[in-house]
Amino acid sequence: MKNQTSTIVAARTKRRRNSAITDTFQLLILGSGLIWLVLRGAAEMNYVWQWHRVPQYIYKVIDGELIFGPLIDGLLVTLEIGAYSIVLGLVIGLITAFLRLSDSYSGRLLATIYLELVRNTPLLIQLFVFYFVLGPIFEIDRFWVAVLCISFFEGSFAAEIIRGGILSVPKGQVEAGASLGLSRAATYRYITLPQALPIILPPLAGILVNLIKHSAIVSVIAVFDLTTSGLDIISETFMAFEIWITVASMYLVITISLSIVISRFERYMKRSTLAG
Amino acid sequence: MEQMISLKHVFKYFGEFRALNDVSLEVAAGERVVVCGPSGSGKSTMIRCINRLEEHDDGEIWVSGNQLTEDVKKLTEIRKDVGMVFQQFNLFPHLSVVDNLTLAPMKARGLSKSDATELAMTYLNRVHIPEQAAKYPGQLSGGQQQRVAIARSLCMQPKIMLFDEPTSALDPEMIKEVLDVMIELAEDGMTMIVVTHEMGFAKKAANKVVFMDQGEVVESAPTEQFFSQPESDRTKLFLSQILTH
């Protein structure tokens with residue numbers, strides 16, 4: 001039995017690989033084909049590439065001093081919004097998941113209303129509601145409007161993932177905790193959540209990557225994030241191709257780094273929890 | 001003798017189904033009670049009511065002088081005195097054996113890590129597997145896992161131990177090692193309620209045997225009397241069915 005499963009696993013993981021040379025060759029063809037398509041398209045519309053003008057929007061060196069350009073400023077704002085929203089979104093998700101699982105009727109009702117509202121209305125409209133309605137009432141500035149809106153949006157998706165993870169831990173685990181005299185909070189903290197986390201993490205990684213991408217929407221309320229900076233530069237320079245490609249690659253760098261960090265953490269979790 | 005557990009006219013329903021029907025039971029300190037009966041007879045439900053993993057619908061349950069109510073704080077306190085061993089072990093798979101044992105003493109009793117570890121090693125010795133302390137539950141055999149589960153409960157130094165079919169999920173060759181540990185525990189004077197089909201264990205370790213059927217206590221008698229001269233026909237039928245093999 002054990003032998004059988006291990007062969008299946010081996011067969012699955014040790015899929016036949018191309019040699020490195022074939023791989024490189026295929027990549028080169030694919031890459032050059034793509035670049036050729038873009039260049040030819042641009043040539044046909046008589047687009048004048050001005051890549052040499054792009055670096056000044058990223059950084060300048062004046063009198064030997066490094067000065068960040070608007071794209072880096074925008075990137076920092078995007079990172080800031082992302083960082084606050086990830087923390088806040090996870091907190092909202094966790095609280096909502098607990099409310100959905102709680103014995104309190106009003107708690108479950110509140111969580112359900114929030115989830116249905118947020119997941120069934122467009123993010124853009126939510127942003128407008130936050131900006132034009134809640135912002136003035138509670139005197140929140142646009143940066144925090146952006147953070148709050150994105151946190152509540154992504155938090156709703158995180159909530160369901162967290163709830164699913166918690167429910168996947170067998171009931172016997174909670175009963176064992178309770179029978180040992182552990183409080184409900186301690187049971188969650190030391191028994192349920194550590195077992196739910198490895199199940200929650202992979203889909204949660206997708207939510208966090210989405211959060212970074214969705215944050216581009218804050219440009220409509222004029223928060224100076226990466227997208228807004230890009231828009232601004234294009235309206236001055238008309239370098240739509242160069243700037244959008246640059247902006248997209250900057251988003252790519254953030255999201256890929258985030259994915260790598262999370263999968264590292266996942267592997268670490270697996271190693272420490274499933275040592276058996 | 002002091003009453004450790006006392007059930008008075010307890011009823012429990014699952015929807016329309018009456019799982020416990022006017023169940024009364026008295027267990028004195030140091031007494032070992034074996035509960036047997038066909039599956040679905042309410043044995044497990046009854047002992048799960050004693051530490052309130054199931055809430056009874058009517059009647060009273062008293063555990064070492066405290067009545068079980070909805071008071072959560074009091075319930076947590078009561079549970080510290082009542083250890084439970086499950087059919088499926090329910091060890092924490094993400095924690096090593098020693099961490100399984102020290103978790104509750106540290107987080108519920110407030111022991112220091114070194115005190116809790118010392119306690120854990122004492123009880124791992126008592127269930128004869130101190131050498132497995134650093135392993136994870138998934139690396140142990142079923143019998144070893146169940147002994148770890150017993151040690152985990154003992155680490156809370158309970159006054160009462162409940163066993164819910166502790167050997168039913170085990171391969172036959174591992175049943176003995178678990179029963180041996182339970183017999184040693186009984187010899188040390190622990191108050192125990194054991195739901196089991198192991199009549200050999202009952203004869204060796206129990207003071208009293210309770211036979212349940214369809215949610216009712218059909219017969220409750222001192223061990224010897226239970227096996228030699230059962231009163232009820234249902235008990236006789238049950239005994240003839242499980243003892244003929």
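The sequence lines fix the lettering, A, B, ..., with proteins before strands; numbering per chain opens at 1. Both backbone and side-chain heavy atoms feed into the values below; hydrogens, waters and symmetry mates do not. This one's a predicted model, so the numbers in the text were calculated from it and none came from an experiment.
Contact count against chain B (heavy-atom pairs under 4.5 Å) is highest for A178(A) among P170(A), A178(A), A186(A), G177(A). If you tally non-hydrogen atom pairs under 4.5 Å between each of N51(B), T76(B), I78(B), L140(B) and chain A, the highest count goes to T76(B). With chain A as the partner, the residue from R79(B), M156(B), M84(B), R48(B) showing the most heavy-atom pairs under 4.5 Å is R79(B). The residue among V72(B), L75(B), D81(B), L103(B) with the most heavy atom pairs within less than 4.5 Å of chain A is L103(B). With chain A as the partner, the residue from A149(B), A104(B), S96(B) showing the most heavy-atom pairs under 4.5 Å is A104(B).
Of the atoms belonging to L91(B), it is backbone heavy atoms, and not side-chain ones, that fall under 4.5 Å from chain A. Interface remark: F92(B) contributes backbone and side-chain atoms alike to the contact with chain A (heavy atom separation under 4.5 Å). For chain A, no part of R109(B) is nearby; none of its heavy atoms comes within less than 4.5 Å.
In this model, a donor atom of one side chain and an acceptor atom of the other lie less than 3.5 Å apart for T121(A) and Q126(A).
For the pair V35(B) and M212(B), the tightest heavy-atom approach, listed with the atom from each and the gap, is CG1-SD, 3.9 Å. Closest approach of Q87(B) to S168(B), counting heavy atoms only: NE2-CB, 3.5 Å. Closest non-hydrogen pair, M190(B) versus P158(B), comes out as CE-O, 3.6 Å. Taking all atoms of both residues into account, the shortest heavy-atom contact from A108(B) to L180(A) is CB-O, 4.4 Å.
Using a 30° and 60° split on the angle between ring planes, Y84(A) and W144(A) fall in the tilted class, from 30° to 60°.
A salt bridge does not link R126(B) to E184(B): none of the charged side-chain nitrogens sits closer than 4.0 Å to a carboxylate oxygen. With respect to E77(B) and K74(B), no salt bridge is recorded, no charged nitrogen being found less than 4.0 Å from a carboxylate O.
Contacts of residues 247-263 of chain A with chain B at a heavy-atom distance below 4.5 Å are absent; not one residue qualifies.
Distance alone, capped at 3.5 Å, is enough to place a donor-acceptor pair between the R32(B) side chain and the G30(B) backbone.
Contact of the L127(A) side chain with the L123(A) side chain is not registered, since no non-hydrogen atoms from C-beta on lie closer than 4.5 Å.
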